[in-house]
S.K.: 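Encoded as C-alpha cells, here's the structure I'll be asking about.
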Amino acid sequence: MGDSKKASDALTFSARLHGALEIATGVYFLGGFGNATFFIGSEGVAVVDPGLYVNGPRVVSELRAITDLPVRYVIYTHGHYDHAFGTPAILDDAEERGHAAPDIVGHVNVARRFERYAKTSGHLAKTFDMQFASWGPGGGDVVRMARYCPPTIAYEDRITLDGLGGLPLELRHGLGETDDHTWVWAPDSRVIVGGDFIVSSLPNAGTPFRVQRYILEWAETLEEMAAVEPLFVVSGHGDVFTDDSTEMLETTAEALRWLDAEVVRRINDGQWQEQILAEVELPPEMAASRYLQPLYGHTSFAVRDLLRRYMGWYDGNPSMLFPSRKAAIALEVLNLSGGADAIIARVDELSAGDKADKQLALHLVDFVILADGDRVADGRLRKAELLDGIAAGEKSFVAGNVLRSAAMLERELLE
Ligand SMILES: [Zn+2]
C-alpha cells in the first residue's frame, strides 16, 4: 500500500509532468493534459487512458521505464480524444516485442461515439480549433490525426478484469460527462480511476460544442465512488486525491444535484431559458469550494445542458419560432438608429470607464457587423477588442478560448 502523505506531497504540478509516480503497490500515475494510470500485476499491465494520439509514445516510454511485462488491457474511461487515442503506440510496442495485442476495454457506447466522431469530423475539427485555441493553431489536429481503436471487449454495466496476475480491476459504467463513461475500482489498493467524472475543478457538465451531458447521474456516480471508501482517486485531468477524496466526491455531487434541482424547480415554475440562465448561480458556499472552481467548464454551460435536457428549444417568444435573418434585423435597427456611426459611438461609451458593459457593447456592435455596411471593419476591430477584454476576466479555459479564438477570427477578417 502506498503512503498517502508521501504521494500527495509528490503530486505537485512539476512531478506530474516528470514521469510516472507509484501511488500504491503496482499502481502508477502518469500526469499530462489527460492523466494515464498503469496497473502492473505479476503477469501483465493495464493502461487506463492512453490519452491524446500524440501522447501514446510518452505513455509507452514511461511504462517501459518501469516494466517489460506485456500490456494485457488498454482501458478507456470514455471515448474522448484526450483519453482514448494514444492506443496505436501501445499496439506498435506490443508488436515490436512479440507480445499478443492487448484487449481494448470500454463501455459499449465508445464504439457508437467513434462512429459519430467519424461522421461529424469536419465539425469537430473546427470546434477543437476554437476550444483549444490557447494551444496555438491546430487544436483540431487532435481530430484530423485520430486513428480509431474501438474496444475489443465492450461491456454494458460492470465487468471485472483479472488477467494481470493479482490486482483485479472492476470497471463500472455511469452516465456523466458522456454516455460511454467507465470508472475503474482496484479493490486491493483501494484506488479509483475516475476519468472525467473528476477534473479537479467544477465538472465540465455542459459545453458550447458538445452533445448532452448527464448531471444527475453524474452526482449518483460520484456518490457510488464515495461509498467504496477509496484511498486514492485519480482524476481525468489534474490531481490524485488522497485524504480528502470523500470530501471532494461528496461536495461535487452535492453541487451537481443542486444545479439539477434548481433548474427543474424553475422550469416547473414556468420560467423560460433566458431568466434561468441569467439567474442561476451556485450558492456562495459551493461557489467558494476549491473543488468547484470554474477553471475548465462554466456554471452557465451546465445550466444550458440542463435546459437542453428538460426542455425543447422553444424560448417562450413566438417571434423566434420562425425568425428573420439576423442581418435583416440588423439593417432595420441601423436605419432606425441613425446608422452605424451612432451605434459605434454607443459601443465606445459602453466599452470603457466605470460603467462599462462590454457584453452589452458586443450585442450592439453585432448590428454593425451583421448589416455589413461601410463601417463593418470598425465594428470588427471593436468586437475583437471587446472579446479579448471579456476573455481576460474569464477563468474558464473553454470560455476564454471561445472568446479569444473569435477575436482572432475578427482580426483575420480585417486583413
Ligand atoms: Zn478529458
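Read the numbers this way: they start at 1 and go in the same order the structure lists the ligands and their atoms.
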S.K.: What is the ring orientation for His173 with Tyr155, classed by angle as parallel under 30°, tilted 30 to 60°, or perpendicular over 60°?
M.R.: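 Taking Tyr155 first and then His173, their aromatic rings stand perpendicular (interplane angle over 60°).
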S.K.: Would you find a donor on one side and an acceptor on the other, under 3.5 Å apart, between the side chain of Trp218 and the backbone of Phe197?
M.R.: yes
S.K.: For Phe114 and Tyr148, take the angle between the two ring planes, folded into 0 to 90°, and tell me which bin it lands in: parallel under 30, tilted 30 to 60, perpendicular over 60.
M.R.: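 Rings of Phe114 and Tyr148: tilted, 30 to 60°.
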S.K.: Is the Phe301 ring parallel, tilted or perpendicular to the His298 ring (thresholds 30°, 60°)?
M.R.: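 Ring orientation, 0 to 90° scale: tilted.
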S.K.: Have a look around the Zn ion (ligand 1) and list protein N/O/S atoms under 2.8 Å, or say none.
M.R.: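 You should have found Asp82 OD2, His83 NE2, Asp196 OD2, His237 NE2.
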S.K.: List in chain and number order the residues that pass ring-ring contact (aromatic ring centres under 6.0 Å, His included) with Trp258, two or more places apart in sequence or in another chain; answer none if no residue qualifies.
M.R.: none
S.K.: Tell me whether Arg172 is salt-bridged to Asp157, with the criterion being a basic N under 4.0 Å from an acidic carboxylate O.
M.R.: no
